[in-house]
There are 2 protein chains.
Amino acid sequence: MKITIKDIAEKAGVSTTTVSHILNNKGSRFSEETRQRVLKVVDELNYQPDFFAQNMIMKKSRTIGMIVPDVTDLFFSKLIEGVESYFNSLGYMIILCNSKHDPKLEEKYFQQLVYRSVEGIIIATPNILSEKILKNDDVLRRHIPLVLIDMGKNPREQGKLLVEEYQGVYSGVKYFIEMGHQKIAFIQEVGDYYQLSERITGYLNCLEDYNIDYNPQLISEGPLTMQGGYQATKQVIEQSQKDFTAIFCSNDQMAVGAYQALLEADLRVPDDVSVIGFDGLEIARYMAPALTTVYQPTFDIGFYAAKFILDAIENPKQRIPNKIFETKLLVRDSVKRLTN
Amino acid sequence: MKITIKDIAEKAGVSTTTVSHILNNKGSRFSEETRQRVLKVVDELNYQPDFFAQNMIMKKSRTIGMIVPDVTDLFFSKLIEGVESYFNSLGYMIILCNSKHDPKLEEKYFQQLVYRSVEGIIIATPNILSEKILKNDDVLRRHIPLVLIDMGKNPREQGKLLVEEYQGVYSGVKYFIEMGHQKIAFIQEVGDYYQLSERITGYLNCLEDYNIDYNPQLISEGPLTMQGGYQATKQVIEQSQKDFTAIFCSNDQMAVGAYQALLEADLRVPDDVSVIGFDGLEIARYMAPALTTVYQPTFDIGFYAAKFILDAIENPKQRIPNKIFETKLLVRDSVKRLTN
DNA sequence: TACTTTTAGTAAAACGCTTTACTAGAAAAT
DNA sequence: ATTTTCTAGTAAAGCGTTTTACTAAAAGTA
């Protein structure tokens with residue numbers, strides 16, 4: 001069946017100890033002659049040590065678990081790219097779990113990852129996580145580093161990677177206002193409304209700071225998808241009877257849907273309605289007109305998540321840092337200056 | 001440290017054999033009393049068997065390796081979703097590798113996956129793979145099922161999942177012609193031109209069948225990305241001095257870039273130039289105007305890849321089937337009927 | 001009663017590696 | 001010449017399971 005270290009040892013006329021030592025550059029020195037002989041046999045038989053046998057002793061799975069709600073979401077795939085890119089050269093591999101936004105599945109995956117002895121876990125989700133995840137016995141006992149990219153939804157002391165959502169939205173809405181807009185709509189993630197996420201707070205506070213009355217008819221919600229943005233925008237159009245000049249979308253994908261909904265309602269971007277998105281995905285640049293959007297460094301977030309995990313693996317005593325990423329308004333062509 | 005089966009056995013006053021048997025419902029029957037006692041201890045100590053120790057004996061890693069060139073590419077992320085969705089409930093997990101279109105990296109990942117004893121490998125790539133992958137000793141010896149989603153690029157007898165690219169493109173170009181177009185541009189993947197892929201052959205043959213002269217100035221290439229489509233379209237515009245009325249894009253993402261390039265050149269879609277894409281991604285529906293595109297069942301391809309792998313795992317003797325997926329032209333608003 | 005069968009379990013091997021502790025013989029030191 | 005040190009290795013334990021082959025005691029049977 002599989003070639004084992006024993007086969008190599010036998011064929012090279014040495015002990016398994018010797019083979020192991022030579023392969024791992026450990027222990028006492030060996031004569032160049034035996035070294036070559038062993039290496040030659042290894043090469044001839046195309047021997048590779050058994051991953052499981054090795055791990056049983058060394059307890060280094062060199063595997064990271066990552067849970068995302070939707071791989072096809074451009075934000076999360078960019079994040080995955082960042083994570084993968086860091087682990088790439090280091091011999092770590094990632095087990096990817098697509099939770100489909102289902103908390104039950106997230107929990108199941110989490111447990112499976114723990115069972116598989118991953119050395120670290122990254123959970124990216126806008127959902128509330130259960131105690132079973134956040135205070136998992138195994139994870140605590142075995143010091144498995146956990147990093148959350150969760151928009152600040154879950155209480156946690158370390159390993160939180162956040163984006164300045166509040167400031168991001170605030171700067172976008174402020175930009176609308178500075179461009180002369182007063183009737184500013186806001187479409188956001190489902191379920192967020194009542195729990196007042198950072199994003200909507202940024203919106204509300206900015207309005208307040210500029211003494212603009214908040215109009216509930218200008219707010220609507222939907223999933224953070226193109227379809228979601230389309231529906232939510234349609235709803236805003238109906239609710240307000242087209243009485244708005246700007247719309248802030250909780251992410252770029254919603255903005256794509258918003259464009260469509262506006263077009264169908266005979267509202268032109270930006271002549272009739274100005275639009276701002278959030279994320280700064282590649283697609284934003286290619287929308288017509290190019291979308292003004294609040295950029296967040298998605299790739300970097302993934303990259304840092306990976307880095308923090310790795311640091312924590314190498315330094316188990318240390319706590320995992322938190323990090324807040326800045327946003328930046330990318331001004332493009334989807335916002336019109338209002339001259340009234 | 002970790003709780004082992006020995007701890008459980010000791011605390012429950014039985015042998016490890018008993019614990020193992022009870023946990024796996026194997027071997028002779030045990031009295032309900034001991035069963036409960038063992039189970040209780042297992043629960044109390046929150047015991048989980050060690051994945052590596054188990055695998056060492058059972059040799060079932062329940063892990064699948066998947067290599068894609070770019071996770072952020074909507075086609076591949078959809079594929080991943082399909083694969084993940086099939087393995088999801090079955091306790092299999094997938095190790096995801098993002099090769100960045102680098103053949104060297106593909107080979108390295110492949111070897112790592114083999115080393116990690118994955119039970120199956122799915123490679124989705126438009127690249128030529130090395131012999132080291134296609135005729136890998138380990139994979140052959142250990143009968144690791146391999147499925148290729150490679151647009152037919154690599155010679156292989158089994159485990160090939162293909163799409164009717166030729167027919168897809170042909171039907172799109174034919175549609176252009178039926179709508180009165182004669183000057184039809186084609187933008188395609190880099191490097192494909194000289195190796196005459198299925199896609200360009202579909203284009204060329206269709207032109208020929210309708211007695212339309214093929215004009216090399218109407219062909220251009222770029223990566224299968226928005227940026228790539230943008231550049232390639234720009235090039236076509238220059239080369240032909242705007243002398244074309246339609247453009248076929250090798251994928252939807254290129255079409256997004258094409259829209260942008262056309263817009264910048266003051267060419268309106270579809271009034272001045274009609275556009276067709278390939279893939280049928282969600283985004284196509286939200287483009288303005290909505291993109292007419294050749295749909296391919298991306299999710300299903302992933303799903304079947306997973307299914308075939310699993311069938312092959314359960315049935316090692318059997319060969320892995322090939323499968324060809326049909327395409328379908330989704331007519332939307334990006335093609336104008338020419339009346340001349 | 002004396003044998004057989006069943007019940008309820010156990011001991012020990014095996015999986016394929018790494019690692020610790022040891023050693024025979026050669027070379028160096030006294 | 002004897003002891004010490006160095007060289008080039010090896011034997012065997014151990015990692016945490018599963019599994020095979022076995023067994024003592026209880027129950028059933030003739």
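By convention in this document, chain letters (A, B, ...) are assigned in the order of the sequence lines, proteins followed by strands, and residues within each chain are numbered from 1.
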* In residues 108-116 of chain A, which residues come under 4.0 Å of DNA chain D by heavy atom? -> none
* To do: Pick base, sugar-phosphate or nothing for A:K2, based on heavy-atom distances below 4.0 Å to the nucleic acid.
  => nothing
* Asked: B:K59 side chain N/O closer than 4.0 Å to the phosphate oxygens (OP1, OP2) of C:dC15?
  -> no
* Can you tell me how far C1' of D:dT17 sits from OH of B:Y47, to the nearest Å? -> 7 Å
* Asked: Which nucleotides of nucleotides 20-26 of chain D have their base under 4.0 Å from a protein heavy atom (B), which only their sugar-phosphate (S), and which neither (-), written as one string 5' to 3'?
  -> B------
* **B:K160 bridged to B:D150 by N-O distance under 4.0 Å** => yes
* To do: Rounded off to whole Å, could you give me the CG-to-P distance for the B:L23 and D:dT17 pair?
  => 10 Å
* Could you state the atom-to-atom distance from CG of B:D50 to P of C:dG16 in whole Å? => 17 Å
* So among A:E107, A:K108, A:H101, which one has a side-chain contact (heavy atoms from CB on, under 4.5 Å) with A:L105? -> A:K108
* Would B:K307 count as a cation-pi partner of B:F303, with NZ or CZ less than 6.0 Å from the six-membered ring centre and within 45° of the ring normal? -> no
* Asked: Using a cut-off of less than 4.0 Å, is there contact between a side-chain N or O of B:Q54 and OP1 or OP2 of D:dG16?
  -> no
* About how many Å separate CG of B:L162 and CE of B:M151, when rounded to the nearest 0.5 Å? -> 10.0 Å
* Asked: Below 4.0 angstrom from OP1 or OP2 of D:dT10, is there any side-chain N or O of A:S15?
  -> yes
* Phosphate oxygens OP1/OP2 of C:dT18: is one of them under 4.0 Å from a side-chain N or O of A:N24? -> yes
* Do A:S20 and A:T17 have side-chain N/O donor and acceptor atoms under 3.5 Å apart? -> no
* Asked: Does the side chain of B:S20 get closer than 4.0 angstrom to OP1 or OP2 of D:dT18 through an N or O atom?
  -> yes
* Expressed in angstrom and rounded to an integer, what is the separation of B:M56 atom CE from D:dT17 atom P? -> 12 Å
* Find which nucleotide of DNA chain D each of B:I3 and A:T16 is nearest to by heavy atoms, and output the residue with the more 5' nucleotide. => A:T16
* Asked: After noting the C-alpha distance and the side-chain angles of A:D138 and A:R142, does the key distance pass the salt bridge (charged side-chain N to carboxylate O under 4.0 Å, His left out) rule?
  -> CA-CA 6 Å; A:D138 280 290; A:R142 286 154 58 190; 3.7 Å; yes
* So, for B:E157 and B:N322, which heavy atoms are closest and what is the spacing to 0.1 Å? -> O-ND2, 3.1 Å
* To do: Can you measure from CG (B:D50) to CZ (A:F52) and round to the nearest 0.5 angstrom?
  => 10.5 Å
* Indicate, with a heavy-atom threshold strictly under 4.0 Å, whether A:T18 touches base, sugar-phosphate, or nothing. => base
* Structure fact -> Separation of D:dG16 atom P from A:I57 atom CD1, nearest Å, is 10 Å
* Asked: For B:A53 and B:V14, take the nucleotide of DNA chain C holding the closest heavy atom to each; which residue's nucleotide lies nearer the 5' end?
  -> B:V14
* Rounded interatomic separation in angstrom, taking CE from B:M58 and P from C:dC15 -> 16 Å
* Of all the nucleotides listed (C:dC15, C:dT10, D:dG9), which has the minimum atom distance to the side chain of A:T34? -> D:dG9
* Side-chain contact, heavy-atom cut-off 4.5 Å: B:F87 with B:I309? -> yes
* Asked: C:dA11 C1' sits how many Å from B:K6 NZ, rounded?
  -> 13 Å
* Asked: Which heavy atom in A:I324 sits nearest to a heavy atom in A:V163, and how many Å separate them?
  -> CG2-C, 4.5 Å
* To do: Consider the side chain of A:F30, meaning its heavy atoms from C-beta on, and name the nucleotide among D:dG9, C:dG9, C:dG16 that approaches it most closely.
  => D:dG9
* **Nucleotide D:dA11, atom C1' - distance to CD1 of A:I5 in whole Å** => 14 Å
* B:S31 vs C:dG9: side-chain N/O to OP1/OP2 distance below 4.0 Å -> yes
